[in-house]
Every structure is written in structure tokens, then in C-alpha cells.
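Following: one structure in C-alpha cells, then a few remarks.
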Amino acid sequence: MQHPDILKDPAAKAPWLVIHPLSQEDSAAVAALRSVIAPMKGRLEGIAGRGPFNDIMERVAVPESVIFEAATVGGVSGWWARPAQARKGAAILHVHGGWFNWGTARAFRNFAGHIASSAGADVFLPDYRLAPEHPFPAAVQDLEACYRGLVDLGTTRIALTGDSAGGNLALVLLSIASAPVSEDAVVPVGAVAFSPVTDLALTGESFETRAEEDPIFIKSQIAGLVRSYLGAADPKNPLASPLYADLRGLSPIRIHVGDDEVLPDDSRRYAERAVAAGVDAKLDVWMGMPHGFVADVGRFKAATQALNASGAFLSDRLERTSK
């Protein structure tokens, strides 16, 4: 079912917003997926959700001609996903999702491998520290260290990608790394976020308007996971919620989000603010798609299309030496 709210929004006529209709092929695939996951909606909570979540991500289709290797960058352990043909001096830092509480670099290797393959670039996937054992800002600190580690390795062109909570962290890191302390500092050439959670105050209207359509998450479940990450921190701290950051001067950004999830407003409001700040930002909304659809390569045609578009953008940005 297509959601009319975003189509009625004035932003729907904006040149930075593209709405992709649900194909008949994907409609059948989504219906099949819903029937399988419906009993689990809102059930994954706390650290008990780690095992089931990682198991889901381990099942992402294995990308062709991608080599994986464990490594440590900037003191942060993780995995490299290296495609057969990768440009030298360039890398993508991918931040995995899991609502700040779940996920491992190993579990997300295949997804990162698809990004590497589509962009023609090596991807490093860090195992940043998770809540509740390591609450905010531990994850942000790890990603800063990892970014500096890539620079220390001689990487001169770095792009950032992230999914869900990883999209939040990638956009936070984009703001941090785009404020260079010297003229020769390496700033990110661009970023791609898949269904990012940009507002940890959870004020987006789509938490209510898309509550029934989202087959995976409910707001109370998300609120608990966010609390375990933030602790006593202000959810509107720009290091916690990129929506509230000063977005001026950022490199180009591309965002992909499904319409059948509770996060379209997090994506739309961030893109709106970025464009208003003069950033080259674009938002692709995929009608009928659930949260995390881009990882469902082989199941959804939309996943392949979103990955191909992201890969083309990343490849173009990594070819450049400056904004």
C-alpha cells in the first residue's frame, strides 16, 4: 500500500526527493516477507536481541568476487571487504546498524561486500563498542579513531556509509570529520545513509503514521534501545542526533529509506535541513519497502537498484580529490 502523506508533503515536489513506486515483483516479495516476520514485530529488545539480529544479517547474500579479511584500523578491530577491482588510495568506512545495541562487523560482512562491489572500493567495517556496556559517546569515539586510522594508512579519499543506527553514526562522523583542523586534513568526499535514525528524541511523525506498516519495529521498542545507548545524554546533542547538527559545508549526501518503516521522517527532515544549509543532498524513498530492505539483495529489485545508485555515487565521489 502506498503511503500518501509524503506525497502530499510540499517536499514531495522538491528536486532533491525521488519517490520510487513499488514494483509488482517486489510487492509479492514484501508480502511473503511480512508473513514470515510478523510474529517477531517489536520483540527484539536489549542484548537478548543480538543473537537473532546477527543471524539475520549473516544470511545476506554473499557478494561475488569480494575478499574479506579481519583487521584493526585506528585501534578498532573490524573487517575489510575488498572487491576484485578497487581504486588505490580510497576507502569506504561503513558503520553497521543494530540500534546501537546489536550487530557485529562479521555479521555485516556480506552487506558491506555488496557496497564494496558496487562502488569498486575497499570497505572497512569497524566493530565499534555497543550499548549498554559502552553507552554514548563510545561508538562515536571509536569511529573517530577508525577514521583517523584510515588517514594514517595513507587513505586520501574516504567516503562514509551506514545503515539504520549506523546511518546515524556515519552522519555524525561526517560532521566531525568535515571540520578539519588543518588545510591538508582529509575530509570525507561524501556519504550514503540507508534508513538512518537522525533524531534520537524520536519526534518524527512517521513513528505514528507508519506504525502499522512497519513490519519489524515499534516505537516503544526503539525508545528502550535508544535509552540504553544515550543514558543521561541529551538526545538533541548533535553528536547523538545528526538532525540537530550544523550541516553547512558538508560533502554530498545520498539517503535511501523505505516507506513502510517508521523512519521516513528522520530521513526527510535531515535531507531538508541539509539542502537548506547548501549541501548537495538527495533522498530516495522506496514505496512499500521495509527497514533494512537494501540488505535484501536477491529478494528485492529495489535493493539492487538502491545499491547500484549508491555505488555509482560513491564511485564518482571517490574519483574526485576534493568536493
Side-chain angles (χ1 to χ4, degrees), residues 40-54 56-57 74-78 93-108 111 125-147 160-177 191 193-204 206-207 214 216-245 255 257 261-267 269-270 291-292 295:
M40 288 300 294
K41 179 171 179 173
R43 296 280 181 91
L44 296 183
E45 295 184 298
I47 60 175
R50 288 177 179 170
F53 179 79
N54 289 340
I56 291 170
M57 295 311 302
V76 182
S77 62
L93 176 58
H94 181 76
V95 191
H96 72 74
W99 290 105
F100 311 101
N101 290 251
W102 313 326
T104 66
R106 182 182 180 88
F108 273 78
F111 180 46
L125 185 60
D127 260 320
Y128 60 88
R129 288 172 290 173
L130 300 176
E133 297 92 335
H134 305 283
F136 172 85
V140 177
Q141 293 168 344
D142 286 352
L143 294 171
E144 284 188 80
C146 189
Y147 187 90
L160 308 176
T161 60
D163 59 279
S164 191
N168 166 297
L169 292 165
L171 294 174
V172 167
L173 181 60
L174 178 65
S175 289
I176 294 171
F194 304 107
S195 300
V197 50
T198 66
D199 177 17
L200 297 190
L202 308 183
T203 63
S206 53
F207 277 106
D214 192 315
I216 307 171
F217 297 113
I218 61 176
K219 188 175 182 179
S220 60
Q221 169 197 24
I222 291 169
L225 292 164
V226 168
R227 277 195 302 272
S228 77
Y229 170 62
L230 285 180
D234 180 359
K236 293 187 177 182
N237 181 330
L239 294 180
S241 296
L243 180 66
Y244 302 103
I255 302 173
V257 67
E261 56 175 302
V262 293
L263 292 173
D265 277 348
D266 275 47
S267 292
R269 291 185 298 157
Y270 183 90
H291 187 72

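Quick caveat: nothing in here was measured; it's all calculated off a predicted structure. The basis for the numbers below is simple: all heavy atoms, side chains too, and nothing from hydrogens, waters or symmetry mates.
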Could you walk me through whether Phe207 and Leu263 pass side chain to side chain contact (heavy atoms under 4.5 Å, CB included), step by step? CA-CA 7 Å; Phe207 277 106; Leu263 292 173; 3.8 Å; yes
For side chain to side chain donor-acceptor pair (under 3.5 Å), just list the numbers for Arg269 and Thr203, CA-CA rounded to whole Å, side-chain angles, deciding distance to a tenth of an Å, and then say yes or no. CA-CA 11 Å; Arg269 291 185 298 157; Thr203 63; 3.0 Å; yes
Test side chain to side chain contact (heavy atoms under 4.5 Å, CB included) applied to Ile176 and Leu239, step by step: CA-CA 9 Å; Ile176 294 171; Leu239 294 180; 3.8 Å; yes
Kindly indicate, with the supporting measurements, whether the criterion ring pair (Phe, Tyr, Trp, His ring centres under 6.0 Å) is fulfilled by Trp99 and Phe53. CA-CA 11 Å; Trp99 290 105; Phe53 179 79; 9.8 Å; no
Mind running side chain to side chain contact (heavy atoms under 4.5 Å, CB included) on Leu243 and Asp266 for me, showing each step along the way? CA-CA 8 Å; Leu243 180 66; Asp266 275 47; over 6 Å; no
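Taking CE of Met40 as the reference point, atom CZ of Phe217 lies at 10.5 Å (rounded to 0.5 Å). Taking CD1 from Ile56 and CD1 from Ile216, the interatomic distance works out to 7.5 Å, rounded to the nearest 0.5 Å. Distance check: Cys146 SG to Leu125 CG gives 9.5 Å after rounding to the nearest 0.5 Å. Here Ser241 contributes atom OG and Phe136 contributes atom CZ; the two are 8.5 Å apart, rounded to the nearest 0.5 Å.
Side-chain rings of His96 and Tyr128 approach one another, their centers coming within less than 6.0 Å.
Shown here are the salt bridge (Lys or Arg N to Asp or Glu O under 4.0 Å) partners of Arg106, two or more places apart in sequence or in another chain: there are none. A search for salt bridge (Lys or Arg N to Asp or Glu O under 4.0 Å) contacts involving Asp214 returns nothing, not counting sequence neighbours.
Between Asp199 and Asp265 the shortest side-chain heavy-atom distance does not fall below 4.5 Å. Here the side chains of Leu173 and Val140 are not in contact, with every heavy-atom distance at 4.5 Å or above. Within the 4.5 Å cutoff, the side chain of Leu143 has heavy atoms near those of the Pro126 side chain. Considering only heavy atoms from C-beta on, Ile47 comes within 4.5 Å of Glu133 through its side chain. Residues Trp102 and Leu44 form a side-chain contact, since some pair of their non-hydrogen atoms from C-beta on lies under 4.5 Å apart. Side-chain contact check for Ser195 versus Ser267: every heavy-atom pair is 4.5 Å or farther apart.
Looking at Thr104, its side chain does come within 3.5 Å of a backbone N or O of Ala107 through a donor-acceptor pair. Checked by atom type and distance alone, the side chain of Lys219 never pairs as donor or acceptor with a backbone atom of Val262 at under 3.5 Å. Asn168 contributes a side-chain N or O that, together with a main-chain N or O of Ala240, makes up a donor-acceptor pair within less than 3.5 Å. Without hydrogens or angle criteria, Asn101 side chain to Gly46 main chain gives no donor-acceptor distance under 3.5 Å.
Ion pairing between Glu45 and Arg227 fails under the 4.0 Å rule for side-chain N and carboxylate O.
Looking at His94 and Asp163, their side chains do bring a donor and an acceptor atom within 3.5 Å of each other.
Within a 6.0 Å sphere centred on NZ of Lys236, heavy atoms belonging to other residues, nucleotides or ligands number 12 at most.
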